[in-house]
Amino acid sequence: MAATLGCRGSLRLRRLLSALNPGIHVPRAGPAAAFGTSVTSAKVAVNGVHLHYQRTGEGEHAVLLLPGMLGSGETDFGPQLENLSKELFTVVAWDPRGYGHSRPPDRDFPVDFFERDAKDAVDLMKTLKFQKVSLLGWSDGGITALIAAAKYPSYINKMVIWGANTYVTDTDVKIYEGIRDVSKWSERTRKPLEALYGYDYFAKTCDKWVDGIRQFTHLPDGGICRHLLPLVQCPTLILHGEKDLLVPRFHADFIHKHVRGSRLHLMPEGKHNLHLRFADEFNKLAEDFLR
Ligand code: TYC
Ligand code: MN
């Protein structure tokens, strides 16, 4: 943390001086030299919890990466932290409370858990002194991004979302029940999360997540945040993998229809994790849209 602040201070000094007089060059030295391209890790107090985040790049344009269920910056966004332009963007990947290294507390799922995540995410970026941010939200992180954009419109610049759903149907419930028992997950999907959480916390939290998301079936139209979509004001790109087995196409179409001016881009070979499997293509689409 201390190192992070020191680096930021020196970056600010370099910016300030070069703005005042482009002739003055403040050399990068020591740990500060690596700040722009390396990924730093820190925790900061927000809304009564210590939120963990990773940070990289030194561009003017602040971008927050929002992971999916049980996700974290390190498990969900390796290729984005590594390869999104460090010149254009300052990229932050956060671990929502109860996920990744933002523990304690243990994760819980009150009916407003997505609203809570949206407020935490926005307040994290305000605490880090970003004046406005763009959002890249995957799956549950896409839901959080939509809610943040709807509720805090003046703070959100642009948004890219993929694998998100804004309501829960019987079809979705069947899929949720299919992933409740993590011992049935493929080794490849299970391994990184098991390493991060240990088997017991991972299994217990997945089970709690399924109960948590099923709560929405009792709300009008199974609504998670569909009622908020007309409030979104920022330019929005929706990506959808046509081979996504977890989130059917109709969810992307619904968001596209109800977010004014949004763009829908289909990736024919993409599955749910299209930003990992087709990282270069994803990063280029995101960069072109954000710039
Ligand atoms: N929303 C989950 C995530 O954040 C993925 C998921 C979507 C799982 C739909 C099941 O029916 C489902 N990764
Ligand atoms: Mn359109």
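Numbering of ligands and ligand atoms starts at 1, following listing order. In this chain, residues are counted from 1 in sequence order.
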ask   = With under 30° as parallel and over 60° as perpendicular, where do the rings of Tyr197 and Tyr99 fit, or are they tilted in between?
value = perpendicular
query = Which atoms from ligand 1 have a heavy atom of Met69 less than 4.0 Å away?
reply = 2 (C), 3 (C), 4 (O), 13 (N)
ask   = Hey, is NE2 on His265 packed in by over 12 heavy atoms from elsewhere, all under 6.0 Å?
value = yes
query = Aromatic rings His258 and Phe254: how do their planes relate, parallel, tilted or perpendicular, breaks at 30° and 60°?
reply = tilted
inquiry  = Among all the protein's non-hydrogen atoms, which is closest to atom 3 (C) of ligand 1, and how far away is it?
reply    = Ser139 OG, 2.6 Å
message = Students often mix this up, so state it plainly: with edges at 30° and 60°, are the rings of Trp185 and Phe202 parallel, tilted or perpendicular?
response = perpendicular
query = How far is atom 9 (C) of ligand 1 from its nearest protein heavy atom, and which residue and atom is that?
reply = Leu246 O, 3.2 Å
query = How far is atom 7 (C) of ligand 1 from its nearest protein heavy atom, and which residue and atom is that?
reply = Val247 CG2, 3.5 Å
inquiry  = Show the atoms of ligand 1 that are less than 4.0 angstrom away from any heavy atom in His272.
reply    = 5 (C), 13 (N)
Sub-4.0 Å heavy-atom approach of Lys174 to ligand 1 = no
Donor-acceptor pairs under 3.5 angstrom involving side-chain atoms of residues 282-291: please list them, not counting sequence neighbours.
| residue | atom | partner | partner atom | Å |
| --- | --- | --- | --- | --- |
| Asn283 | OD1 | Gln80 | NE2 | 2.9 |
| Asn283 | ND2 | Pro79 | O | 3.3 |
| Lys284 | NZ | Asp288 | OD2 | 2.6 |
| Glu287 | OE2 | Ser85 | N | 2.7 |

key: Ligand-side contact atoms (ligand 1) for residue partner Ile179, heavy atom cut-off under 4.0 Å   = 8 (C), 10 (C)
Atoms in ligand 1 with a heavy atom of Gly68 nearer than 4.0 Å = 4 (O)
message = Using a 4.0 Å cut-off to any heavy atom of Asp172, which atoms of ligand 1 qualify?
response = 11 (O)
inquiry  = Suppose we measure from atom 12 (C) of ligand 1 to each protein heavy atom; which comes out shortest, and what is that distance?
reply    = Tyr176 CE2, 3.1 Å
key: N or O pair under 3.5 Å between Asp140 and ligand 1   = yes
key: Short N-O contact, Lys86 and Glu58, less than 4.0 angstrom   = no
key: Salt bridge Arg180-Glu177, side-chain N to carboxylate O under 4.0 Å   = yes
inquiry  = Among residues at least two apart in sequence or on other chains, which ones pass ring pair (Phe, Tyr, Trp, His ring centres under 6.0 Å) with Phe77?
reply    = His275
